[in-house]
Chemist: 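I'd like to ask you about the structure that follows.
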Amino acid sequence: CGIGLAVAERCAALKMRVCIADLPRQESHMAEVLPQLTSIGARDVLFVSCDVSRPEDVQALHDTVYSRWDDCGFLMNNAGVGLGGQGFDGSFSQPLKEWELTMGVCLYGVIHGLQTFVPSILKQ
């Protein structure tokens, strides 16, 4: 949540439609968050389970948003994870599997979001 939730709250206050995409494990938390966004002023709210490291999940997110609203006026493409040890020295001991997850979410997740959403946004 963090930055993404803060931006969602601001968008709700601006009377925007808000879709939050996060891992399936966040679904129960979103059951509390979505009504709060509506009470702040969101025109409509939606939660979509999505692992941004998987391009097919991002495509499903895109398809869900466009199916429901036929538009995406603002994309907050900010998924992130932090794994491994603290500080510079911690990165040396981080297992390769954790590096792959970090890169999958923090780098490829952004690329997947851009490649999937930007062509549709430009056509609007």
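Here the structure is a predicted model, which means the values were calculated and not measured.
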Chemist: As an exercise, state the distance from CG of Leu34 to CG of Leu46, rounded to the nearest 0.5 Å.
Modeler: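 Taking CG in Leu34 and CG in Leu46, the distance rounds to 7.5 Å.
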
Chemist: Transitive ILVMFWY cluster of Val118 at side-chain heavy atoms under 4.5 Å: who else is in it?
Modeler: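 Other cluster members: Val110, Leu114, Leu122.
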
Chemist: At what distance, to the nearest 0.5 angstrom, does CD1 of Ile20 lie from SG of Cys50?
Modeler: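 Interatomic distance, Ile20 CD1 to Cys50 SG, rounded to 0.5 Å: 13.0 Å.
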
Chemist: Locate the shortest heavy-atom distance separating Asn78 from Gly4; write the atom from each residue and the value.
Modeler: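 Looking at all heavy atoms of both residues, the closest pair is ND2-N, 3.6 Å.
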
Chemist: Please say yes or no: joined through hydrophobic side-chain contacts below 4.5 Å, possibly via intermediate residues, are Val58 and Val81 part of one cluster?
Modeler: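 They do share one cluster, since a chain of ILVMFWY contacts under 4.5 Å joins Val58 to Val81.
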
Chemist: Work out which heavy atom in Leu75 is nearest to a heavy atom in Gly113; give both atom names and the distance.
Modeler: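 Heavy atoms of Leu75 and Gly113 come nearest at CD2-O, 4.0 Å.
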
Chemist: Using a 3.5 Å distance criterion without hydrogens, assess whether the side chain of Ser67 forms a donor-acceptor pair with backbone atoms of Thr64.
Modeler: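 No.
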
Chemist: The criterion is side chain to side chain contact (heavy atoms under 4.5 Å, CB included); which residues satisfy it with Glu56, sequence neighbours excluded?
Modeler: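 Counting only residues at least two positions away or on another chain, Glu56 forms a side chain to side chain contact (heavy atoms under 4.5 Å, CB included) with Arg54.
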
Chemist: Residues two or more places apart in sequence or in another chain: which of them pass side-chain hydrogen bond (donor to acceptor under 3.5 Å, both in side chains) with Ser120?
Modeler: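 With neighbours one apart ignored, the set is His62.
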
Chemist: Measuring from atom NE2 of His112 to atom CZ of Phe117, what distance do you get when rounded to the nearest 0.5 angstrom?
Modeler: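 Rounded to the nearest 0.5 Å, the NE2-CZ separation comes to 13.0 Å.
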
Chemist: Could you check if a side-chain atom of Asp57 sits within less than 4.5 angstrom of a side-chain atom of Val52, using non-hydrogen atoms only?
Modeler: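 Asp57 vs Val52: side chains apart.
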
Chemist: Nearest 0.5 angstrom please: Asn77 CG to Ile111 CD1, how far?
Modeler: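 The CD1 atom of Ile111 is 10.0 Å from CG of Asn77, to the nearest 0.5 Å.
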
Chemist: What pairs of residues pass the salt bridge (Lys or Arg N to Asp or Glu O under 4.0 Å) test when at least one of them lies in residues 34-50, not counting sequence neighbours?
Modeler: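 Applying salt bridge (Lys or Arg N to Asp or Glu O under 4.0 Å) to every pair that reaches into residues 34-50, excluding sequence neighbours, yields Asp44-Arg68.
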
Chemist: If a pair satisfies salt bridge (Lys or Arg N to Asp or Glu O under 4.0 Å) and one of its residues is in residues 99-120, list it, with sequence neighbours excluded.
Modeler: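 Residue pairs passing salt bridge (Lys or Arg N to Asp or Glu O under 4.0 Å), neighbours aside: none found.
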
Chemist: Could you list the residues that satisfy salt bridge (charged side-chain N to carboxylate O under 4.0 Å, His left out) with Asp63, not counting sequence neighbours?
Modeler: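 Once residues adjacent in sequence are excluded, Asp63 has no partner under the salt bridge (charged side-chain N to carboxylate O under 4.0 Å, His left out) criterion.
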
Chemist: Can you sort out the partners of Ser49 under side chain to side chain contact (heavy atoms under 4.5 Å, CB included), two or more places apart, ordered by chain and number?
Modeler: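 Residues passing side chain to side chain contact (heavy atoms under 4.5 Å, CB included) with Ser49: Pro24, Glu27, Phe47.
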
Chemist: Are Leu37 and Glu9 close enough, and set up right, to give a side-chain contact (heavy atoms from CB on, under 4.5 Å), and what steps lead you there?
Modeler: CA-CA 6 Å; Leu37 295 175; Glu9 290 170 346; 3.8 Å; yes

Chemist: State, to 0.1 Å, how close Lys15 and Ile40 come at their nearest heavy-atom pair, and which atoms those are.
Modeler: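 Smallest heavy-atom distance, with atoms named: NZ-O, 4.1 Å.
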
Chemist: Can you name the side chain to side chain contact (heavy atoms under 4.5 Å, CB included) partners of Leu14, sequence neighbours left out?
Modeler: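 Applying side chain to side chain contact (heavy atoms under 4.5 Å, CB included) to Leu14 gives Arg10, Met16.
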
Chemist: Who are the side-chain hydrogen bond (donor to acceptor under 3.5 Å, both in side chains) partners of Tyr66, not counting sequence neighbours?
Modeler: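 Once residues adjacent in sequence are excluded, the partners of Tyr66 under the side-chain hydrogen bond (donor to acceptor under 3.5 Å, both in side chains) criterion are Gln124.
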
Chemist: Does Leu23 belong to the same Ile/Leu/Val/Met/Phe/Trp/Tyr cluster as Val33, with side-chain heavy atoms less than 4.5 Å apart forming each link?
Modeler: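 No; tracing contacts between hydrophobic side chains, which count when under 4.5 Å, never links both residues.
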
Chemist: If you look at every heavy atom in Ala12 and Val18, which pair is closest and at what distance?
Modeler: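 Ala12 and Val18 have their closest heavy atoms at N-CG2, 4.0 Å.
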
Chemist: Mind checking what makes side-chain hydrogen bond (donor to acceptor under 3.5 Å, both in side chains) contact with Asp51, not counting sequence neighbours?
Modeler: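 Checked Asp51 against side-chain hydrogen bond (donor to acceptor under 3.5 Å, both in side chains); matches are Ser53.
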
Chemist: Could you pull out all residues at least two apart from Glu32 that satisfy side chain to side chain contact (heavy atoms under 4.5 Å, CB included)?
Modeler: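 Side chain to side chain contact (heavy atoms under 4.5 Å, CB included) list for Glu32, sorted by chain: His29.
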
Chemist: Restricting to non-hydrogen atoms, name the atom on Asp71 and the atom on Val65 that form the minimum distance, rounded to 0.1 Å.
Modeler: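 Closest heavy-atom pair between Asp71 and Val65: O-CG1, 3.7 Å.
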
Chemist: What pairs meet the salt bridge (Lys or Arg N to Asp or Glu O under 4.0 Å) rule with one or both residues in residues 110-124, with sequence neighbours excluded?
Modeler: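 Every pair satisfying salt bridge (Lys or Arg N to Asp or Glu O under 4.0 Å) with a residue in residues 110-124: there are none.
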
